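On a predicted model such as this, the values are computed, not experimentally measured, just so you know.
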Amino acid sequence: MAKRFAITIARTLGSDGGEIARRVAQQLNIRFIDKELLSIASSESGISEALFNVMDEKLNRRIFRQSTAAYRGEVYAPGHEDFLSNKNLFEYQSKVLRDIYNQGEPFIVVGRAGSFILDEFPNVVKVNVVASEQYCVENIMDRNCISESEARKLIAKTNKYRYDFFKYFTGKEWGNPLNYDLCLNSSSLGIENCVQLIVESVQAKGLI
């Protein structure tokens with residue numbers, strides 16, 4: 001029987017972390033999870049997927065100035081006053097990811113605070129992908145057909161949101177090397193070398 005394991009990918013915008021994750025999933029023939037997690041959480045909870053999408057990337061940033069939302073590891077049921085709260089949406093998303101792990105199918109997840117949510121489980125390889133500013137800017141310019149100044153603003157805004165989101169919901173520092181098993185610079189290593197290093201890390205842990 002195949003061993004149960006998961007790989008989590010945190011990434012700065014434009015670093016090709018998502019592409020690296022897709023190629024790792026293809027090479028290892030494992031499940032790839034990104035925004036699919038939000039639709040599953042919506043289906044299980046009965047809460048509109050649109051609300052999960054807002055929580056994922058469009059929350060009013062004033063929320064992050066409040067005290068950190070204490071992660072409980074359990075969800076509020078329908079009828080509870082906090083059922084539709086951002087905190088409960090995060091809890092539902094977390095529950096779905098834990099359930100997928102417990103079902104035993106190996107997978108790789110991009111973002112979604114996966115390194116924190118799955119930290120309590122064995123057989124998890126936590127990866128952080130970054131890249132030089134210029135590499136990210138050029139990627140975002142090409143991908144979104146926008147100017148250099150627009151790309152720089154989008155990168156700064158998105159990375160700040162990801163940092164604040166992670167801090168607010170987990171109490172941890174997004175991007176702190178101590179939160180990961182492997183930190184990769186895709187602009188210096190290249191996508192294929194990053195893929196190979198992740199695969200080798202999975203092998204080194206005896207997971208495949």
Side-chain angles (χ1 to χ4, degrees), residues 1-41 56-57 93-140 142-144 155 158-159 162-163 165-166 169-170 172-208:
M1 179 180 294
K3 185 169 290 188
R4 174 185 307 177
F5 71 89
I7 305 168
T8 71
I9 303 288
R11 76 282 183 234
T12 54
L13 185 66
S15 65
D16 284 323
E19 178 62 22
I20 289 167
R22 288 185 185 89
R23 296 192 191 189
V24 170
Q26 291 171 355
Q27 185 162 329
L28 296 179
N29 193 27
I30 61 176
R31 184 176 180 181
F32 173 85
I33 299 174
D34 191 354
K35 286 186 176 294
E36 171 195 5
L37 188 65
L38 306 183
S39 61
I40 297 173
D56 185 51
E57 56 189 21
Q93 173 184 298
S94 304
K95 176 183 180 299
V96 169
L97 197 56
R98 296 194 306 270
D99 288 347
I100 292 173
Y101 181 91
N102 285 325
Q103 288 164 8
E105 178 186 5
F107 66 92
I108 186 166
V109 59
V110 178
R112 321 299 160 206
S115 62
F116 172 82
I117 294 168
L118 298 177
D119 188 51
E120 65 188 84
F121 293 105
N123 302 342
V124 177
V125 177
K126 295 168 288 185
V127 181
N128 187 34
V129 180
V130 299
S132 70
E133 182 179 15
Q134 192 58 39
Y135 181 93
C136 294
V137 167
E138 291 175 1
N139 261 350
I140 296 305
D142 292 341
R143 190 181 305 168
N144 295 10
I155 289 168
T158 302
N159 288 342
R162 290 175 180 176
Y163 178 93
F165 179 99
F166 196 86
F169 286 108
T170 73
K172 304 291 185 179
E173 301 288 333
W174 182 70
N176 184 338
L178 295 177
N179 293 332
Y180 306 96
D181 301 304
L182 186 64
C183 296
L184 302 171
N185 184 333
S186 58
S187 56
S188 62
L189 291 168
I191 291 176
E192 285 306 320
N193 283 331
C194 287
V195 170
Q196 193 56 39
L197 286 168
I198 294 171
V199 170
E200 289 175 0
S201 295
V202 175
Q203 292 171 331
K205 281 198 168 189
L207 303 180
I208 55 175

### Query
Is the backbone N or O of E173 less than 3.5 Å from a side-chain atom of N179, with the two atoms forming a donor-acceptor pair by type?
yes
### Task
Could you check if a side-chain atom of I7 sits within less than 4.5 angstrom of a side-chain atom of I30, using non-hydrogen atoms only?
yes
### Minimum side-chain heavy-atom gap R11-I20 below 4.5 Å
no
#### Entry: Any N159 side-chain heavy atom under 4.5 Å of W174 side chain
yes
### Query
Which pair of non-hydrogen atoms, one from A25 and one from F32, has the smallest distance, and what is that distance?
CB-CB, 3.9 Å
### Message
Please determine whether the number of non-hydrogen atoms from other residues, nucleotides or ligands lying under 6.0 Å from atom CG of N102 exceeds 12.
### Response
yes
## Note on the structure
From the list L197, V127, I9, I198, side-chain contact (heavy atoms from CB on, under 4.5 Å) partner of V24 resolves to I198
### Query
Can you name the closest pair of heavy atoms from C136 and T12 and give their distance?
SG-OG1, 4.3 Å
### Query
Any side-chain heavy atom of E133 sitting closer than 4.5 Å to one from I155?
no
### Query
Which residues pass the side chain to side chain contact (heavy atoms under 4.5 Å, CB included) test with R143, sequence neighbours left out?
D16, N139, I140
### Query
Got a second to check how far N193's CG is from L184's CG, nearest 0.5 Å?
10.0 Å
### Validation row: F166, N176 side chains within 4.5 angstrom (heavy atoms)
no
### Query
Do the non-hydrogen side-chain atoms of Y180 and V129 ever get within less than 4.5 Å of each other?
no
### Query
Are a donor atom and an acceptor atom from the side chains of E192 and Q196 found within less than 3.5 Å of each other?
no
Only distances under 3.5 Å count here; give the side-chain donor-acceptor pairs of residues 108-125 to other protein atoms, sequence neighbours excluded, each with its distance to 0.1 Å.
unit_1: R112; atom_1: NE; unit_2: D34; atom_2: O; d: 3.4
unit_1: R112; atom_1: NH1; unit_2: D56; atom_2: OD1; d: 2.4
unit_1: R112; atom_1: NH1; unit_2: D56; atom_2: OD2; d: 2.7
unit_1: R112; atom_1: NH2; unit_2: D34; atom_2: OD1; d: 2.4
unit_1: D119; atom_1: OD1; unit_2: K126; atom_2: NZ; d: 2.5
unit_1: N123; atom_1: ND2; unit_2: R4; atom_2: O; d: 3.1

### Query
Are any of the side-chain heavy atoms of P106 and L28 separated by less than 4.5 Å?
no
### Query
Within a radius of less than 6.0 Å around NZ of K205, do more than 12 heavy atoms belonging to other residues, nucleotides or ligands occur?
yes
### Query
Got a donor-acceptor contact below 3.5 angstrom from the S187 side chain to the S132 backbone?
yes
